[in-house]
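Written below as structure tokens is the structure these notes are about.
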Amino acid sequence: MSDKKKKLNLNRVSMPKQLLEERKHNFQEVALGYSEEQAIEEAKRCLQCKKPRCMAGCPVELDIPKFIKAIQDGKMWEAVRIIKSKNSLPGICGRVCPQEVQCECKCVLNKKDAPIAIGRLERFVADWEARQKDRPSPEVLPPTGKKVAVVGSGPAGLTCASDLARMGNQVTVFEALHEAGGVLVYGIPEFRLPKDIVKSEVEYVKSLGAELELNSVVGRLVQVDELLKMGYDAIFLGIGAGAPRFLNVPGENLNGVYSANEYLTRVNLMKAYKFPEYDTPIRQGSKVAVVGGGNVTMDAARSAIRLGADEVHVIYRRSELEMPARLEESENAKEEGVIFDFLTNPTRFIADDRGRVKAMEVVTMELGKPDESGRRRPVVKEGSEHIIEMDTIIIAVGTMPNPLVPTNTPGLETTRWGTLVADENGRTTMEGVWAGGDITSGGATVISAMGSARRASADIDTWLKEKGPWNC
Ligand code: FAD
Ligand code: SF4
């Protein structure tokens, strides 16, 4: 039957969620995932277009119609095989990718406001596989005899490591922290991305043969050029952009003012939400303000709700229309009681007599002409200063690269934003060294980090093949 003749089913199968009153008080996952019946029902809405547009929206080029067809036919192992041939982290991507602006926005049914729930189906397949007792061993090509060092175990590092290991290279991943996963473990909270999912997908990467060296800070314990001298034929830098940005307003160093990075790392990686089982202190806060408008802001605000704050405000200098957070996340935040103060910007933080933050001065903003980002520029409304009482402030206005590796690696050029200079395949200005993910793009998304790592791994593999001993 042709695509046009096929009857359109515009009833997207909705995803069951944890009950609102319960989820506000725990850190368990909010979205519960499709059952097998629900996944098949949703998959059957796919038209199996002859010229599918959805694939063009996927940075790792997943064969979307093919894996959805496998679900339609109840062939779940086939769906696993198709997905894993392109994506080693499907349980993660199915949960956190902004599908609404990627594959799903390209789906033909998006015109009718009912795109196929591609992300939810990807998540279903990953979770289905995780429940199976006997999983086939992944296919790996014979050893090439080449050694590659991957620095950083976020989505970029894990993708590059799995691709290169699958191609038969000996891969070692050096990770500064005591757990692998990058932002997936220290930034994105459990209620959005359970850490067991990250652990299981890291285990999959290890099952391909990649080795993991935790607590290994490259640029301090060992330098990039030393890795090359130690016998690594190529290096991939997937070190992210994890240094917090601040507002640079008076009072930002007061007690009770956190960067979102510190706040979320305490909550997620250091498990402050399980205090006293985990000995990580965090300020619970009675009136909490989170400054920013992205996913990080929503994660911090929703964490504060769960830690028991009485009132949590998102302070955003533009209007709701410009807010970069995923719609699903800002809606979840609203449902959970987060209050949004749009067109508002802090100008200073005010201390009590013990040096702890007790209030902030804010100004009201108006939207002017579009700036270089295309969004309307916020402009201060004259005489609009006013004070809002708050006892905990979380600054979530973006991140930038940590300069440790570039400053210790002569030959690695950086841009004026501190990101590494690299071509479209991730080749840096240093022979034998590639980079990808947030360290080249600046703070972006999980799947864009994975896409750039995929292009780099293909280029590294070709380069390694050409660089045989006869070429050295
Ligand atoms: P990272 O994930 O930052 O990983 C870099 C790794 O390198 C880290 O493990 C770090 O410890 C390690 N490292 C750094 N320096 C060194 C060194 N010198 N030696 C050894 N190891 C080093 N994106 C989405 O798509 N959807 C979302 O919902 C989403 N939510 C987010 C929520 C939060 C709170 C944050 C902070 C980000 C979010 N993002 C989201 C963005 C996304 O997580 C990042 O774009 C992505 O993780 C970038 O991947 P990466 O591998 O480049 O870097
Ligand atoms: Fe077509 Fe959408 Fe199915 Fe892709 S997901 S094949 S665009 S109906």
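In each ligand, atom 1 is the first atom listed, and ligand 1 is the first ligand listed. Hydrogens, waters and symmetry mates are skipped; everything else that's a heavy atom, side chains included, is used. Here the structure is a predicted model, which is why all the values come from computation and not from measurement.
- Look at P155 and you'll find a heavy atom under 4.0 Å from some atom of ligand 1.
- For atom 21 (N) of ligand 1, the closest non-hydrogen atom of the protein is A176 N, 3.1 Å.
- Salt bridge status for K229 with E226: absent, with no side-chain N to carboxylate O gap under 4.0 Å.
- When each atom of ligand 1 is checked for a heavy atom of V405 under 4.0 Å away, the hits are 18 (N).
- With sequence neighbours left out, E175 forms a side chain to side chain contact (heavy atoms under 4.5 Å, CB included) with S153, L177, L214.
- Using a 4.5 Å heavy-atom cutoff, the side chains of S441 and D438 are in contact.
- The protein non-hydrogen atom at the shortest distance from atom 9 (O) of ligand 1 is E175 OE1, 2.6 Å.
- For ligand 1, the atoms sitting less than 4.0 Å from at least one non-hydrogen atom of F174 are 20 (C), 21 (N), numbered in the order shown with element in parentheses.
- Between the side chains of T265 and E262, no donor-acceptor pair of N or O atoms lies under 3.5 Å.
- Checking side-chain atoms of D73 against main-chain N and O of K75 turns up no donor-acceptor pair under 3.5 Å.
- For atom 53 (O) of ligand 1, the nearest non-hydrogen atom of the protein is G240 CA, 3.3 Å.
- Ligand 1 is approached by V217 to a heavy-atom distance shorter than 4.0 Å.
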Please assess K334 against E331 for the test salt bridge (charged side-chain N to carboxylate O under 4.0 Å, His left out), listing each intermediate value before the final yes or no.
-> CA-CA 5 Å; K334 275 185 204 159; E331 277 175 358; over 6 Å; no
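- Summarising the contacts of atom 2 (O) of ligand 1 with L269, D299, V224, V183, the nearest heavy atom is found in V183.
- Under a 4.0 angstrom heavy-atom cut-off, R192 registers as being in contact with ligand 1.
- Closest non-hydrogen pair, Y232 versus A149, comes out as CD2-N, 3.5 Å.
- Heavy-atom contacts of I188 reach the following atoms of ligand 1: 29 (C), 30 (N), 31 (C), 32 (C) (cutoff under 4.0 Å).
- Remark: the backbone N or O of I83 is not paired with any side-chain donor or acceptor of K66 at under 3.5 angstrom.
- Of the N or O atoms in V151, none lie within a sub-3.5 Å distance of an N or O in ligand 1.
- Regarding atom 14 (C) of ligand 1, its nearest protein heavy-atom neighbour is I239 O, 3.2 Å.
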Take E336 and K24 through the salt bridge (charged side-chain N to carboxylate O under 4.0 Å, His left out) test and state the conclusion after the steps.
-> CA-CA 6 Å; E336 289 164 12; K24 279 178 3 188; over 6 Å; no
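- Short contacts between ligand 1 and L177, defined as distances under 4.0 Å to a heavy atom of the residue, involve ligand atoms 11 (O).
- If you number the atoms of ligand 1 from 1 as listed, the ones under 4.0 Å from a heavy atom of G182 come out as 2 (O), 4 (O), 8 (C), 9 (O).
- Contacts of P98 with ligand 1, taken as heavy-atom pairs under 4.0 Å, involve the side chain alone.
- Atom 7 (O) of ligand 1 has G152 CA, 3.2 Å as its closest protein atom, hydrogens excluded (heavy atom only).
- Of all non-hydrogen atoms in V290 and A396, the two that sit nearest each other are CG1-CB, 4.2 Å.
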Could you walk me through whether K69 and D63 pass salt bridge (charged side-chain N to carboxylate O under 4.0 Å, His left out), step by step?
-> CA-CA 10 Å; K69 175 79 174 71; D63 195 334; over 6 Å; no
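- Residue pairs meeting the ring-ring contact (aromatic ring centres under 6.0 Å, His included) criterion with at least one member in residues 416-449, sequence neighbours excluded, are W434-W463.
- For ligand 1, the polar-atom distance check against R326 finds no nitrogen or oxygen pair separated by under 3.5 Å.
- Per-residue contacts place A156 under 4.0 angstrom from the following atoms of ligand 1 (heavy atoms of the residue considered): 51 (O), 52 (O).
- Counting only heavy atoms from C-beta outward, the side chains of Y273 and L307 approach each other to under 4.5 Å.
- Considering each of V296, L237, V218, T440, the one bringing a non-hydrogen atom nearest atom 19 (N) of ligand 1 is V218.
- Checked by distance only, ligand 1 and C97 stay at 3.5 Å or farther apart across all their nitrogen or oxygen atoms.
- Taking all atoms of both residues into account, the shortest heavy-atom contact from G292 to V397 is CA-CG1, 4.5 Å.
- Taking each heavy atom of G285 and T392 in turn, the nearest pair found is CA-OG1, 3.3 Å.
- A salt bridge between K206 and E203 is present, with a side-chain N of the basic residue lying under 4.0 Å from a carboxylate O of the acidic one.
- Short contacts between ligand 1 and S216, defined as distances under 4.0 Å to a heavy atom of the residue, involve ligand atoms 19 (N), 20 (C).
- Residue D438 approaches ligand 1 through these ligand atoms, each under 4.0 Å from one of its heavy atoms: 44 (C), 45 (O), 46 (C), 48 (C), 52 (O).
- Figure legend: cation-pi geometry between R306 and F191, with NZ or CZ positioned under 6.0 Å from the six-membered ring centre and within 45° of its axis.
- Checked against side chain to side chain contact (heavy atoms under 4.5 Å, CB included), K84 has the following partners two or more places apart in sequence or in another chain: V80, P90, E129, Y204.
- Here the shortest heavy-atom pairing between G242 and N261 reads O-ND2, 2.5 Å.
- With atom 6 (C) of ligand 1 as the reference point, the heavy atom nearest to it among G157, G238, P406 is part of G238.
- Looking at G443, G187, A444, it is A444 that brings a heavy atom closest to atom 39 (N) of ligand 1.
- Within the sub-2.8 Å shell of atom 1 (Fe) of ligand 2, the protein contributes these N/O/S atoms: C49 SG.
- Remark: among candidates V446, V222, I92, the nearest residue to atom 24 (C) of ligand 1 is V446, based on non-hydrogen atoms.
- In terms of polar-atom proximity, L264 is not counted as a contact of ligand 1, lacking any N or O under 3.5 Å from an N or O of the ligand.
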